[in-house]
Amino acid sequence: MAEERKLTTRAEDFSAWYNEVVLRAELADYSPVRGCMVIRPDGFGIWERMQRALDDAFKATGHRNAYFPLFIPEGFLHREAEHVKGFAPEMAVVTHGGGKRLDEPLVVRPTSETIIYAMFAKWVHSYRDLPLLINQWANVVRWEMRTRLFLRTLEFLWQEGHTAHVTHDEAEAEARSILVLYRDFMDEWMAMPVVTGQKTESERFAGALRTYSCEAMMQDNKALQAGTSHNLGQNFSRAFDLTFQTESGGSDHAWNTSWGVSTRLIGGLVMTHGDDRGLRIPPLLAPTEVVIVPIWRSDSDRVRVLEAAGRICQSLGSWERREPNRLRIHLDARDTLKPGAKYYEWELRGVPIRLELGPRDLEKNQAVLVRRDTGAKTPASLDTLGEDIEQLLETIQGSMLETARARREEHSVRGAITYDRFREIMNDEGAFVYAGWCGSAACEAKIKDETKATIRVLPDEEFRSAERPGRCLCCDEVATAEALWAKAY
RNA sequence: CGGGACGUAGCGCAGUCCGGUAGCGCACCUGAAUGGGGUUCAGGGGGUCGCGGGUUCAAAUCCCGCCGUCCCGACCA
């Protein structure tokens, strides 16, 4: 009977395991519309914490939030040739409104470059108006053929930053600094280590000069693009007449960047940290950091334990060092479930710390703290509970990052490698392979065709192998770059 | 759009080959006991068997058509 309730283990079938965890932990659900997703409160709670952290970071670097329309005139998309080519196949188009056929169809935004730069053109007149640093929290629609909860849905929530600058270098610096901001967020908040780097021409954002990306490794050794930042050059400025008067009195097109992360991050979080018991949420993003499971035998015990648990909630929730952000603590006082059943449930939901409190603990003036990530149990004195929990949460956060990083490194291959060996690795377990590339799209395509692996990025200096491979993985020509190869989501 | 599988209670499934009262587990409701790792017992509610047509005394089951979902390809944050 207990067997039946067990999760599919990750090793058996990673996809099935992922779906099962997302659904059973109640992060999301399928909607009546195929390919769309309902984000449930538990999932949205994680997103809200991500939003807050990112929003603070954007504000701290001078960006401000604004909102632009959901509908974009179809003609706008066509003004940038590359852009429309990239997005046309996945656009949802509104042809009727108010019962009448529209003169010009409206595209439901797949991304907002066009409408935003059309507005920027009205707002920017002088170099003094620059840089213009705007962010938008919004939903977008991309009509994907195959969807997957959180990772690829027809509609998704995201944040898209759009900026305009006086010079190329300034825009480039912005795109790079946002990439670092993303990486820090993924490291420090999500405990999900990422490789940063530049996309190849074939993987570049439609209409961009250069695209930078954060790539995370999932537990099936596939790569997940977790965030992107683009230097758009003057392509959109030209298309939308975004000009300004320069300091010397001339006229110039502004330089743009755009960048975004989406609810896909939640999928990445699940696939990075989840285990065979369910979700593991890093403390900083956990909607609930601590769950108290009270234990009692008799009615009098029940009263005593619940009273003590209530006191803990009150004092920790208002613990002075946490003000105004109280410790996010939940008391599971349900008397319909045995403690054991509660343990399984909260483990599935990924709450970082479980606090067990029973009559025996009260006698010893202690509680038992159980880590979700390692399962380790330690008693803690009720007198120092706040400090101990705070300490433990920090430990868990750091330890989860280290575990994920170690896992990634364990499945990374650096240095010279033969094509046969590469194919073997890709067909076997999969891995992040750092290997030479001649720079030709032909080789890139050939490898993708033969191994299903793709170039994810040309990694930043710090992620490259110490010894640069001299030869292209594919054609054996002299390599002009080292690329990160992996199978990808 | 090509290849494969499936559609039966909220969820997971059996029953279909070989037509004959619509079942099981979980969840849910009521009551009692239980309570430091998925409690037990007793009772109970819930299904136009994806939709439409055909064959038959009789269809979840056989035949035809349609719809939908999932998986694998091409596409993608």
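Below, chain A is the first sequence line, B the second, and so on; all start at residue 1. Computed from a predicted structure; not experimentally measured.
Each of A:Leu357 and A:Tyr489 was matched to the nucleotide of RNA chain B holding its nearest heavy atom; the match closer to the 5' end belongs to A:Leu357. The residue among A:Trp296 and A:Trp158 whose nearest nucleotide of RNA chain B lies closer to the 5′ end is A:Trp296.
Between the CG atom of A:Leu337 and the C1' atom of B:rU40 there is a distance of 15 Å, rounded to whole Å. Separating the CG atom of A:Asp335 from the P atom of B:rA33 is a distance of 13 Å, rounded to the nearest angstrom. For A:Ile292 and B:rG36, the CD1 to P distance is 18 Å, given to the nearest whole Å. Put simply, CG on A:Leu348 is 19 Å from P on B:rG37, counting in whole angstrom units. The CG-C1' distance, from A:Leu149 to B:rC70, rounds to 12 Å in whole Å. Distance A:Asp299 CG to B:rA33 C1': 12 Å, rounded to the nearest Å. Per the geometry, NZ belonging to A:Lys452 stands 13 Å off C1' belonging to B:rC75, to the nearest Å. Put simply, CG on A:Leu306 is 15 Å from C1' on B:rG36, counting in whole angstrom units.
Among the heavy atoms of the strands lying under 4.0 Å from A:Leu151 is at least one base atom, whether or not backbone atoms are also near. Within the 4.0 angstrom heavy-atom criterion, no nucleotide atom of any strand lies near A:Glu160. Contact annotation for A:Thr153: base contact, defined as any heavy-atom pair under 4.0 Å involving a base atom. Counting non-hydrogen atoms under 4.0 angstrom, A:Asp361 reaches a base of the nucleic acid. A:Glu356 comes within 4.0 angstrom of a base, heavy atoms only. Among the atoms of the strands shown, base atoms are found under 4.0 Å from some heavy atom of A:Arg354. Residue contacts for A:Tyr30: at a heavy-atom cut-off of 4.0 Å it reaches no nucleic acid atom on any strand shown. Base engagement by A:Ser262 is indicated by at least one non-hydrogen atom pair under 4.0 Å involving a base atom. Looking at heavy-atom distances under 4.0 Å, A:Arg302 makes no contact with the nucleic acid at all.
Geometric assessment of A:Arg176 against the ring of A:Tyr212 yields a positive cation-pi assignment under the 6.0 Å and 45° thresholds.
Here A:Tyr343 does not pack flat against the base of B:rG37, since the 5.5 angstrom centre distance and 30 degree tilt limits are not both met.
With a cut-off of 3.5 Å on both Watson-Crick or G-U wobble distances, the partner of B:rG12 is given as B:rC24. Under the Watson-Crick or G-U wobble criterion, with both distances below 3.5 Å, B:rA74 has no partner in any strand shown.
Within the structure, the salt bridge (charged side-chain N to carboxylate O under 4.0 Å, His left out) test picks out the following pairs touching residues 182-192 of chain A (sequence neighbours left out): A:Arg183-A:Glu462.
Defined by atom type and a distance below 3.5 Å, a donor-acceptor pair is present between the side-chain atoms of A:His230 and A:Thr211. Side-chain contact annotation: A:Tyr419 with A:Glu450, donor-acceptor N/O pair under 3.5 Å present. Looking only at atom types and distance, the side chain of A:Ser202 has a donor-acceptor partner in the side chain of A:Glu444 under 3.5 Å away.
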Practice task
Apply side chain to side chain contact (heavy atoms under 4.5 Å, CB included) to A:Tyr489 and A:Asp220, showing your working.
Solution key: CA-CA 11 Å; A:Tyr489 275 98; A:Asp220 57 356; 2.5 Å; yes

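For B:rG36, one of the phosphate oxygens OP1 or OP2 lies less than 4.0 angstrom from a side-chain nitrogen or oxygen of A:Lys338.
Looking at the side chain of A:Ala341, the nearest of the listed nucleotides B:rG35, B:rG37, B:rG38 is B:rG38.
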